[in-house]
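What follows is a single structure, written as structure tokens, with notes after it.
Numbering of ligands and ligand atoms starts at 1, following listing order. Values reported hereafter were calculated over all heavy atoms of this structure, with side chains retained and with hydrogens, waters and symmetry mates removed.
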Amino acid sequence: MKLSFNPSDDIERILIDEDSIRAKIKELGAAISRDYADRDLTLVSILKGSVVFLADLLRNISPQCQIDFISVSSYKGEPESSGVVRLIMDLRESPVGKNILIVEDIVDTGYTLDYLCRNLLTRGLESLAVCVLLDKTAARKKEVRVDYKGFDVPNEFLVGFGLDYKERYRNLPFVGVLKPEIYKKAK
Ligand code: IMP
Ligand code: MG
């Protein structure tokens, strides 16, 4: 497998373009701003895939809010989820008494969000909600709550707008499908 120097050369097709993403994030930000107008909100971004989404969403939220980060591993660099989720880095601030909104790039099998929701719910939060940019419903193995959703997407391996394949392609400003010769399905 040879990765091109220019990441867009490895893209078979653009699934969601920049303008559509921008418009959708504006809508999500408006809905979240309404719902948290009189509650202190903490956005918890799941590293690393959701940082691009977080950065744009944050700038579309008008009430006071805070951010924090958490890191889990489930993919081990391969496109097929193993189902085993490990906490790699915990929140910096205590979540006790907070209204937490998990910000995630994509929900696929649901293992990651299931693990994180169960973990956070044991920690004395005031409330918990989930915002995802992309939802691959056809791949779901664990039912998870999704309170704010950007787009339903097909069950294909996607990159761009924070999503990676082997740590590459996160910098593409759109969500795209990799060329099949680049992405070989893990056994
Ligand atoms: P889940 O635990 O299977 O729901 O997977 C969630 C995580 O897997 C996401 O946070 C992504 O980092 C990663 N992931 C799932 N699907 C894709 C994809 O199509 N492209 C890139 N990363 C993905
Ligand atoms: Mg992720």
Test side chain to side chain donor-acceptor pair (under 3.5 Å) applied to Asp68 and Thr42, step by step = CA-CA 7 Å; Asp68 206 340; Thr42 300; over 6 Å; no
Determine, for Lys149 against Glu104, whether the closest basic-nitrogen to carboxylate-oxygen distance falls under 4.0 angstrom.
-> no
Is the ring centre of Phe157 less than 6.0 Å from the ring centre of Tyr165?
-> yes
May I ask you to list the atoms of ligand 1 that are less than 4.0 angstrom from any heavy atom of Glu104?
-> 9 (C), 10 (O)
Hey, does the side chain of Asn99 reach the backbone of Asp40 with a donor-acceptor pair shorter than 3.5 angstrom?
-> yes
Here the atoms of ligand 1 under 4.0 Å from any heavy atom belonging to Leu158 are 18 (C), 19 (O), 20 (N), 21 (C)
Is the backbone N or O of Asn60 less than 3.5 Å from a side-chain atom of Lys26, with the two atoms forming a donor-acceptor pair by type?
-> no
Under 4.0 Å, heavy atoms only, figure out whether ligand 1 is touched by the backbone of Leu163, its side chain, both or neither.
-> side chain
Run the numbers for me: atoms of ligand 1, each under 4.0 Å from some heavy atom of Lys136, listed by number.
-> 16 (N), 17 (C), 18 (C), 19 (O)
Is a side-chain donor or acceptor of Ser33 paired with a backbone partner of Ser62 at a separation under 3.5 angstrom?
-> yes
Does any N/O atom on Val159 come nearer than 3.5 Å to any N/O atom on ligand 1?
-> no
Does Lys98 reach the main-chain N or O of Glu93 with its side chain, forming a donor-acceptor pair under 3.5 Å?
-> no
Take every heavy atom of Arg140, measure it against each atom of ligand 1, and state whether any distance is under 4.0 Å.
-> no
Do any N or O atoms from the side chain of Asp147 and from the backbone of Val130 form a donor-acceptor pair under 3.5 angstrom?
-> yes
Glu156 heavy atom under 4.0 Å from ligand 1 | yes
Can you find a non-hydrogen atom of Ile106 under 4.0 Å from ligand 1?
-> yes
Is any N or O atom of Val107, backbone or side chain, closer than 3.5 Å to an N or O atom of ligand 1?
-> no
Is the shortest distance from a heavy atom of Asp164 to ligand 1 less than 4.0 Å?
-> yes
Considering Phe157, Tyr115, Tyr165, which one's heavy-atom position lies nearest to atom 18 (C) of ligand 1?
-> Phe157
